[in-house]
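These notes are about the structure you will find just below.
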Amino acid sequence: MTNLRVTARAHTNIALVKYWGKADTDLIIPQNGSLSLTLDHFYTDTTVEFDSKLTTDQFILDGESKSPVKITNFLNIVRQKAGINSFAKVDSVNHVPSTAGLASSASAYAALAAAASKASGLNLSHKELSKLARRGSGSASRSIYGGFVEWIKGYNDDTSYAVPIEEDLDWKIGMIVAMVNSDKKKISSRTGMQTVVNTSPFYSAWVESIDDDLRNIKVAIKNRDFKTMGEIAESNAMRMHALNLSSSPHFNYFEPLSIEIMDTVEDIRTNEQIECYYTVDAGPNIKILCQQKDADDLLSKLRVRFPQIQFSFTKPGPGIKYLN
Ligand code: 2P0
């Protein structure tokens, strides 16, 4: 029998209502629901081929051989579902700066889930793919879909998955990514969020605040109310970072330039009447939600103030697709 060699593409997503904390660390069941926008500009292409002649899994990332330990853990789930025991060759190309708070694990595990499941002979629905991707990295559950996506937190493996809110957006919005630092972050999301769950005295208030954020942001999206959507995203992100500052040991992901860019976004919004809102993930880079009509104007203002920073604009992106 010839082996099936499958390539899948998945795009990153940026949460407007953040996932920050696990209820189950093995199955990756979150403490709270979240909602994201999938981005066009950043994605991962992954090819998987199971081969009975291999004696171990092989993992190549951007042309370099890497330790397959995490990949093997993930592929074990796929092998179990498919009832196979062959090892696989996994070849992944990241069109995202790795581990820089740009959610590369989201596109990585979504692409791996899609490619590996199909290469193993499984034919999974998007819902099943979302659950599978979640086992690799929580945010990957959302990268199965394009546009606005909600991850329903659920309470076990079967009930925790993402659903599309609006996949093919006719709303001309996008995001500017300010690349403050593309180095590997100091504290992984996994460690950061667990520290917060275990030690922040504000954690229960965060969880309680999420239902309102999710309900209100979905109404804002439906009404094409950019201002309300931006305000919710910005304040939700700052609440997430307040958890980090309030945990033991306390930590934060900001660099001086991150704060300067956030201040500048507020300044442009207030004094130059361009609607723009920031959000920040587990890294120093700033993502600025804006409307496509304002993107060039905003980019030139930001580039004048921060000539040392690389800014790139991206439109909303699509869900997973197979390239062969
Ligand atoms: C999110 N982040 O909703 C949040 C906001 C970062 C800040 O999901 O441990 O790589 O693999 O489930 O998905 C990044 O964390 O963490 C993340 P794991 P993940 O996008």
Side-chain angles (χ1 to χ4, degrees), residues 10-39 42 44 69-71 73-74 77 94 96-113 130-145 148-154 157 160-162 175 177 184-198 200 206-207 209-210 213-214 217 232-245 247 251-254 258 278-287 289:
H11 291 250
T12 59
N13 68 79
I14 299 296
L16 304 183
V17 175
K18 308 289 189 191
Y19 147 54
W20 203 235
K22 295 178 179 67
D24 183 320
T25 53
D26 290 331
L27 290 173
I28 312 196
I29 310 297
Q31 290 269 1
N32 64 278
S34 54
L35 186 143
S36 59
L37 181 66
T38 301
L39 301 184
F42 305 104
T44 302
V69 173
K70 285 185 181 169
I71 299 289
N73 288 340
F74 186 81
I77 302 169
N94 243 338
V96 188
S98 294
T99 58
L102 260 190
S104 62
S105 68
S107 55
Y109 279 105
L112 181 61
S130 176
K131 291 182 204 170
L132 176 61
R134 192 203 74 231
R135 301 287 299 272
S137 194
S139 52
S141 65
R142 300 185 306 239
S143 272
I144 300 300
Y145 299 101
F148 288 111
V149 185
E150 181 177 2
W151 176 12
I152 312 287
K153 71 171 180 172
D157 186 40
S160 186
Y161 53 85
M175 247 179 213
V177 177
K184 194 172 157 58
K185 58 198 171 203
K186 287 173 291 207
I187 301 149
S188 71
S189 303
R190 207 158 273 203
T191 303
M193 67 173 85
Q194 202 52 40
T195 304
V196 156
V197 172
N198 292 339
S200 171
W206 159 260
V207 173
S209 74
I210 296 295
D213 280 355
L214 283 174
I217 205 165
I232 293 169
E234 200 175 278
S235 80
N236 178 274
M238 291 303 98
R239 232 178 299 128
M240 179 199 118
H241 289 274
L243 295 175
N244 305 342
L245 294 170
S247 73
F251 62 98
N252 73 81
Y253 291 108
F254 301 136
S258 316
Y278 54 79
T279 183
V280 196
D281 292 291
N285 303 316
I286 308 296
K287 293 89 179 198
L289 200 52

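Computed from a prediction, not measured in an experiment: that's the story for all the values here. Computed from heavy atoms alone, side chains included, the values below leave out hydrogens, waters and symmetry copies. When a ligand or atom number is given, it counts from 1 through the structure's own listing order.
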Could you list the atoms of ligand 1 found under 4.0 angstrom from a heavy atom of [X]?
X	value
Met193	15 (O), 16 (O)
Gly138	11 (O), 12 (O), 13 (O), 18 (P)
Ala15	1 (C), 3 (O), 20 (O)
Ser105	10 (O)
Lys18	3 (O), 5 (C)
Ile28	12 (O)
Met240	5 (C), 7 (C)
Lys22	9 (O), 12 (O), 18 (P)

Just to verify, what does Tyr145 make a ring pair (Phe, Tyr, Trp, His ring centres under 6.0 Å) with, not counting sequence neighbours?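 For Tyr145 the ring pair (Phe, Tyr, Trp, His ring centres under 6.0 Å) partners, ignoring immediate neighbours, are His126.
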Judged by non-hydrogen atoms, does Ser34 sit under 4.0 Å from ligand 1?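 Contact check Ser34 vs ligand 1: negative.
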Within-shell test, Arg142 vs ligand 1, heavy atom, strictly < 4.0 Å: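 Yes, Arg142 has a heavy atom closer than 4.0 Å to ligand 1.
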For ligand 1, find out whether one of its N or O atoms is nearer than 3.5 Å to an N or O atom of Trp20.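 Checking ligand 1 against Trp20, no N or O pair falls under 3.5 Å apart.
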Contact (N/O only, under 3.5 Å) between Arg190 and ligand 1: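 N/O-N/O distance below 3.5 Å exists for this pair.
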Can you see whether Ser189 engages Trp20 through a side-chain donor-acceptor pair at a distance of less than 3.5 angstrom?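 No.
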Check whether more than 12 heavy atoms from other residues, nucleotides or ligands sit under 6.0 Å from atom NZ of Lys70, and answer yes or no.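 No, because the 6.0 Å sphere around NZ of Lys70 holds 12 heavy atoms or fewer from other groups.
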Ignoring hydrogens, just give me the one of Tyr19, Trp151, Tyr253 whose non-hydrogen atom is nearest atom 17 (C) of ligand 1.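 When every heavy atom of Tyr19, Trp151, Tyr253 is considered, Tyr19 comes closest to atom 17 (C) of ligand 1.
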Exam field: side chain Ser141 to backbone Gly138, donor-acceptor pair closer than 3.5 Å: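 A pair under 3.5 Å: yes.
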Got a donor-acceptor contact below 3.5 angstrom from the Ser137 side chain to the Ala140 backbone?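 Pair absent, no side-chain N/O of Ser137 close to backbone of Ala140.
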Is any side-chain heavy atom of [X] closer than 4.5 Å to a side-chain heavy atom of [Y]?
X	Y	answer
Val196	Met240	no
Val149	Asn13	no
Met175	Leu289	yes

Taking salt bridge (charged side-chain N to carboxylate O under 4.0 Å, His left out) as the test, write out the residues that go with Lys18, two or more places apart.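 Per chain and number, Lys18 pairs via salt bridge (charged side-chain N to carboxylate O under 4.0 Å, His left out) with Asp281.
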What do we get for [X] next to ligand 1 when only non-hydrogen atoms under 4.0 Å count, side chain, backbone, both or neither?
X	value
Asn13	neither
Ser189	side chain
His241	neither

Does a side-chain N-to-carboxylate-O contact under 4.0 Å join Asp213 and Arg239?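 Yes.
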